[in-house]
Student: 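To start, I am sharing the structure in question, which I have written as structure tokens.
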Amino acid sequence: MKLLFKSVIALAVSLLLFNACSPGDKQNAFNPKFKLISAEKITFNSFVDCNMAEVWVGDTFRIFPGKYGEDPLWGDARDLKYADGKNADEAFKSKADNFHQPIMPANAAIGQEGLHGAVWFETVYQSPKDASGKTLYAVYHNENYPQTLPYDERTGQGYKNNKKWPQGLTGETSPAAVCRIGIMKSVDGGKSWNNKGIFIEDLNPRMIMKPHNRSNTFAGGVGDPSAVASGDYLYLFYGEYGYPGVYNETSYDPKTEWAGQCISVARIAIADLDSPVGKAKRWDGQGFNAPHNGVGKPVAALQIPMAQGGGPASAPSTGFHWGPSVSWNTYLNCWVMMMAKTEEKSWKGDKVYISFNKNPDLGSALNSQEWTKPQLVFEKPGYILWYPSLQPLNTPEDIEARNTCLKLGKKARFFVKRIKPGDDSYASEHLIEFEK
């Protein structure tokens, strides 16, 4: 009888311990393997400073690198272009003369509605309702300054220019930018685009000023996104760079800033992409409940603890993951995220990391948060590494499956933006191979 009683108690304790396991504990048990394989080097022949957006339009693989629009810091740009190929390798090897400028909306005058600042296409979502494949929605990163989007008392939009506005990337007199995220639409396969507007942003009160902001990058905002479709929603993984609340110089706390930053997630209904302004909902720790310009919570599993070198984005010496590129892997049956890591001001960092999420449905419970601890994939000392991504191969399997950077298989090509004096290129010299 005593033996039976002990057995029952042991079973009960075991069940309690099992049920006490957090979702993160269960997720950490899932950890696919990967390895880099040396491959023919491909150096891209056009400007890249963002995630590579791409789609298949019929039998054509089309890519959309570059930057477009007004920029008082770097100069106005017309580098957002597209190039075609019969497969990914052919498109990525395109000569400079084979890149074409799409028809883009003009920048609006100050004080008028419309496109302000510069844009970079980070993801292109292809509507499954159009059999031709020509209806596309570009998720764009948008940058502005107090000069291009001055503060409007009536609307609360824009940014207040003052002596404490933080420094930008080109020197002491240059201003830091503010990033936002919006949508453009094309109905001709990406040859022309119409602006649909901003659907997620941080307003002026969340900007981080001098003397605390010494990163030489952003005053705040949301940017560098990667968007994937799951169910009825487009899930947006993006960098969170503002203060998680109202910034106040006298009460500023670096721990509070760190706690609200890193890679965050929001979502927008696919049905809202034609009219997206303000429609996103941010993750608030419990669900997608925070408004598009409210305060959400980053993905905790991707944050670097302060005790391990993590810190706020505005600090001159810090550590945080940013620039996510997310894809669904049909071999692993999971999501894969590539990301960069910044360690110094001006977002210097020479490492690339990877994380996995086994939940196909990103909208259920805590599924969007259950990422594995980031693992080092690639390091290139002496370089600054930005915008890592995985791209399809020119194999019959990848072509038949119409794989893109959003959907990949057992093997993929690894690209990354690499910067050092005398070398500013977007290139690949490795494949990545996964194992279950």
Side-chain angles (χ1 to χ4, degrees), residues 49 71-74 117-118 141-151 158-180 201-224 238-264 295 298 302-323 339-351 382-387 417 419-421 424:
D49 190 33
D71 187 336
L73 190 64
W74 299 100
H141 170 105
N142 172 229
E143 290 186 11
N144 275 285
Y145 305 83
Q147 295 91 330
T148 60
L149 196 63
Y151 186 74
Y159 315 109
K160 295 180 180 180
N161 198 3
N162 58 57
K163 292 182 179 180
K164 293 193 175 182
W165 191 265
Q167 176 182 325
L169 281 165
T170 62
E172 292 183 4
T173 60
S174 67
V178 180
C179 48
R180 311 183 296 173
E201 62 180 327
D202 290 341
L203 301 180
N204 190 82
R206 293 188 61 186
M207 301 300 108
I208 304 165
M209 301 289 105
K210 294 177 181 176
H212 300 113
N213 194 332
R214 295 173 291 158
S215 67
N216 297 351
T217 50
F218 290 131
V222 294
D224 305 305
Y238 61 93
E240 181 71 72
Y241 310 125
Y243 199 74
V246 175
Y247 168 79
N248 184 298
E249 181 179 338
T250 59
S251 61
Y252 169 80
D253 182 0
K255 291 183 180 179
T256 299
E257 183 187 340
W258 167 85
Q261 292 177 335
C262 190
I263 295 171
S264 295
V295 178
L302 304 178
Q303 288 182 294
I304 302 172
M306 295 189 79
Q308 298 175 22
S314 67
S317 179
T318 185
F320 64 93
H321 297 300
W322 70 284
M339 68 201 87
K341 179 187 177 185
T342 181
E343 298 172 327
E344 301 178 37
K345 64 183 179 181
S346 304
W347 286 17
K348 295 178 181 177
D350 60 5
K351 300 177 182 66
Y383 279 78
I384 301 171
L385 301 181
W386 292 352
Y387 306 112
K417 170 89 167 180
I419 307 167
K420 78 170 186 178
D424 184 344

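Residue numbers start at 1 and run along the sequence shown. Just so we're clear, the structure is a prediction, and the values are computed from it rather than from any experiment.
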Student: Might you point out which heavy atoms bring Leu169 and Ser174 nearest each other, and give the distance in Å?
Tutor: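 Between these two residues, the closest heavy atoms are N-OG, 3.7 Å.
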
Student: So which atom in Ala176 and which in Trp165 form the shortest heavy-atom distance, rounded to 0.1 Å?
Tutor: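 Of all heavy-atom pairs spanning Ala176 and Trp165, the closest is O-NE1, 2.9 Å.
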
Student: Looking only at atom types and distance, does a side-chain atom of Ser346 sit under 3.5 Å from a main-chain N or O of Asn216, one as donor and one as acceptor?
Tutor: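 No, because the side chain of Ser346 does not come within donor-acceptor range (under 3.5 Å) of the backbone of Asn216.
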
Student: With a 4.5 Å cut-off on side-chain heavy atoms, are Ile384 and Trp347 touching?
Tutor: no

Student: Filter on salt bridge (Lys or Arg N to Asp or Glu O under 4.0 Å), then keep only pairs touching residues 242-261, sequence neighbours left out; what's left?
Tutor: Lys164-Glu249

Student: Kindly state whether the ring of Tyr238 and the ring of Trp322 have centres lying under 6.0 angstrom apart.
Tutor: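 No, ring centres 6.0 Å or more apart.
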
Student: Using the ring of Tyr151 (Phe, Tyr or Trp, six-membered ring only), decide whether Lys160 places NZ or CZ under 6.0 Å from its centre and within 45 degrees of its axis.
Tutor: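 Judged by the rule, Lys160 and Tyr151 form a cation-pi pair.
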
Student: Say whether, by atom type as modelled, one donor and one acceptor occur between the side chain of Glu201 and the main chain of Gly221 under 3.5 angstrom.
Tutor: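 A pair under 3.5 Å: no.
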
Student: For Gly349 versus Glu343, what's the shortest heavy-atom pair and its separation?
Tutor: CA-OE1, 4.3 Å

Student: Would you say the side chain of Ile208 lies within less than 4.5 Å of the side chain of Pro166, judging by non-hydrogen atoms?
Tutor: no

Student: Indicate yes or no: at least one non-hydrogen side-chain atom of Val295 is less than 4.5 angstrom from one of Arg206.
Tutor: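 Heavy-atom side-chain distance check passes, below 4.5 Å.
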
Student: Nearest 0.5 Å, what's the OG1-CG distance between Thr342 and Leu385?
Tutor: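 If I round to the nearest 0.5 Å, the distance is 11.0 Å.
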
Student: Would you find more than 12 non-hydrogen atoms of other residues, nucleotides or ligands less than 6.0 Å from Lys210 atom NZ?
Tutor: yes

Student: Could you walk me through whether Asp224 and Tyr241 pass the side chain to side chain donor-acceptor pair (under 3.5 Å) test, one step at a time?
Tutor: CA-CA 10 Å; Asp224 305 305; Tyr241 310 125; 2.7 Å; yes

Student: Looking only at heavy atoms, what is the nearest atom pair of Ser314 and Tyr252, with distance?
Tutor: OG-OH, 3.6 Å

